[in-house]
Number of protein chains: 2
Amino acid sequence: MPDIKHFDPDTALDRAVTLFWQRGTDATGIADVVQATGLSRSSLYATFGGKAQLQAAALSRYLELRSRPVFEALAADIRGVPAIAAFFERLVAARCAGEHARWGCLVTNTHATASGGRPEIREILDRHHDALRMAMRTALETARADGQLRADLDVEAAAEALTLQAYAVNLRSRAGAEAAVLLAGVRAVLDGFTTTEER
Amino acid sequence: MPDIKHFDPDTALDRAVTLFWQRGTDATGIADVVQATGLSRSSLYATFGGKAQLQAAALSRYLELRSRPVFEALAADIRGVPAIAAFFERLVAARCAGEHARWGCLVTNTHATASGGRPEIREILDRHHDALRMAMRTALETARADGQLRADLDVEAAAEALTLQAYAVNLRSRAGAEAAVLLAGVRAVLDGFTTTEER
DNA sequence: CCTATCTTGGAATAACCGTTCCAAGATAGG
DNA sequence: CCTATCTTGGAACGGTTATTCCAAGATAGG
């Protein structure tokens with residue numbers, strides 16, 4: 001009996017993700033979302049229920065659609081250290097050039113915002129952090145099994161360090177940092193983890 | 001002949017710094033600054049000239065008063081790698097406990113905000129980045145002269161890497177990261193830079 | 001003491017924020 | 001085709017935003 005939605009919620013959510021990602025969540029108004037999606041305020045509120053929930057949904061969708069696949073590719077890459085290097089090369093490239101250049105990472109950006117303190121948002125930030133850290137750990141363990149790593153390296157700590165390094169790359173790229181500089185920094189960390197023979 | 005100011009501009013600016021640092025610049029309204037400083041809107045605008053300029057002044061003051069002294073202490077510390085380790089230990093301690101716990105770093109936070117794109121703000125961010133990187137480089141060169149570093153370490157790249165690591169510590173601490181985890185990550189990076197005999 | 005000149009307090013303003021509401025429109029089962 | 005039920009467009013709302021303005025007050029040189 002009832003009417004059905006005249007639009008695709010996921011498509012609309014993707015538009016919101018783009019806005020929040022590029023301009024910043026706090027700087028993006030509902031009016032901007034209305035204009036970008038083409039749908040009305042009524043439909044927006046009926047579907048997502050307010051800006052806070054829309055932000056949480058957008059952040060979660062960014063994590064699952066933008067971050068997760070890359071993390072899974074890293075964890076599945078059996079090359080070890082070269083897999084991690086490739087991850088960072090593609091990360092830096094995406095952050096400094098192309099369609100999303102200088103946008104940073106929506107999750108990383110959210111860390112510094114006021115909304116980053118809300119429990120529901122915080123939970124997504126932690127989920128993102130754990131996902132990346134675990135992927136790094138898997139890649140490092142593969143590298144260890146292949147004898148690519150220093151014997152005394154703490155894999156757990158190294159995974160955390162690389163995850164932190166990725167956050168900083170996201171952050172600094174938004175402020176215009178050069179790709180070569182970011183890559184050199186990442187490589188310095190990675191080189192410190194590998195065996196002398198590997199270098 | 002004219003009247004003089006009935007307040008100390010620097011004291012008022014410090015109050016603004018505290019607000020921007022804790023709550024976030026975008027989330028802090030002029031009304032909040034008025035209340036925290038105790039002075040009126042007229043005096044605020046006559047002295048600082050609008051929120052954008054107030055933000056730039058506050059960010060610059062944070063850099064000179066909060067960051068710069070710590071950077072200079074790092075550069076002046078002749079211990080080398082232990083000096084860098086001490087820098088990070090105090091950083092993590094300050095970010096996770098005490099008066100400013102979970103506030104992050106005002107400069108780091110600003111990277112992710114919309115205002116971080118404005119040229120005047122961007123210039124301060126770069127100034128901060130260069131200051132920390134140079135301090136790291138000086139400490140690393142001291143360490144190198146003392147034979148504490150791996151022979152093939154690129155000091156320039158290592159300084160960038162440590163600077164990036166500091167940003168990530170600032171960022172993640174605001175989201176509630178544990179001090180021990182952050183320290184372990186930092187130590188993993190630092191251990192990778194030192195000679196095997198030092199470990 | 002007087003007056004030119006700045007500072008100060010606080011009201012006023014216009015734009016914008018997220019959110020709500022309701023009449024009109026669209027849909028699909030009966 | 002009819003109708004119950006949801007969706008949609010768009011106006012409206014109260015609150016907050018940064019900013020401006022002006023009369024009243026304070027200051028210090030003459």
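To find a chain, count down the sequence lines: A is the first, B the second, and so on, and within it residues start at 1. Basis for what follows: all heavy atoms, side chains included, without hydrogens, waters or symmetry-related copies.
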Out of [options], whichever nucleotide has its closest atom nearest the side chain of [X]:
X: His6(A); options: dT5(C), dA26(C), dT27(D); value: dA26(C)
X: Ser42(B); options: dC21(D), dT7(C), dT20(C); value: dC21(D)
X: Pro2(A); options: dC6(D), dT27(D), dA18(D); value: dC6(D)

For Gln165(A), which of Val186(A), Leu182(A), Leu91(A) qualifies under side-chain contact (heavy atoms from CB on, under 4.5 Å)? Val186(A)

Under a plain distance cut-off of 3.5 Å, with no hydrogens placed, do His111(A) and Arg174(B) share a side-chain donor-acceptor pair? no

Is [N] paired to anything, Watson-Crick or G-U wobble with both distances less than 3.5 Å, and if yes, which nucleotide?
N: dA24(D); value: dT7(C)
N: dG30(D); value: dC1(C)
N: dC16(C); value: dG15(D)

Report the distance from atom [atom1] of [X] to atom [atom2] of [N], rounded to the nearest whole Å.
X: Gln55(B); N: dT19(D); atom1: CD; atom2: P; value: 11 Å
X: Tyr45(B); N: dC21(D); atom1: OH; atom2: P; value: 12 Å
X: Lys5(A); N: dT7(D); atom1: NZ; atom2: P; value: 5 Å
X: Asp3(B); N: dG25(D); atom1: CG; atom2: P; value: 13 Å
X: Phe7(B); N: dA26(D); atom1: CZ; atom2: P; value: 16 Å
X: Phe48(A); N: dG18(C); atom1: CZ; atom2: P; value: 16 Å

Verify whether the ring centers belonging to His128(A) and Tyr62(A) lie closer than 6.0 Å. no

Donor-acceptor pair present, Arg41(A) side chain and dT8(D) base, under 3.5 Å: no

List in chain and number order the residues that pass salt bridge (Lys or Arg N to Asp or Glu O under 4.0 Å) with Arg61(A), two or more places apart in sequence or in another chain; answer none if no residue qualifies. Asp10(A), Asp14(A)

Is the phosphate of dT8(D), meaning OP1 or OP2, less than 4.0 Å from a side-chain N or O of Ser43(A)? yes

Any Ser40(B) side-chain nitrogen or oxygen under 4.0 Å from OP1 or OP2 of dG9(C): yes

Mark yes or no for whether Arg150(A), through its side chain, and Gly192(A), through its backbone, hold a donor-acceptor pair below 3.5 Å. yes

Do Asp32(A) side-chain atoms and Gly29(A) backbone N/O form a donor-acceptor pair below 3.5 Å? yes

Hey, does Leu59(B) have a side-chain heavy atom less than 4.5 Å from the side chain of Trp21(B)? no

Counting only non-hydrogen atoms, which of residues 9-39 of chain B are less than 4.0 Å from DNA chain C? none

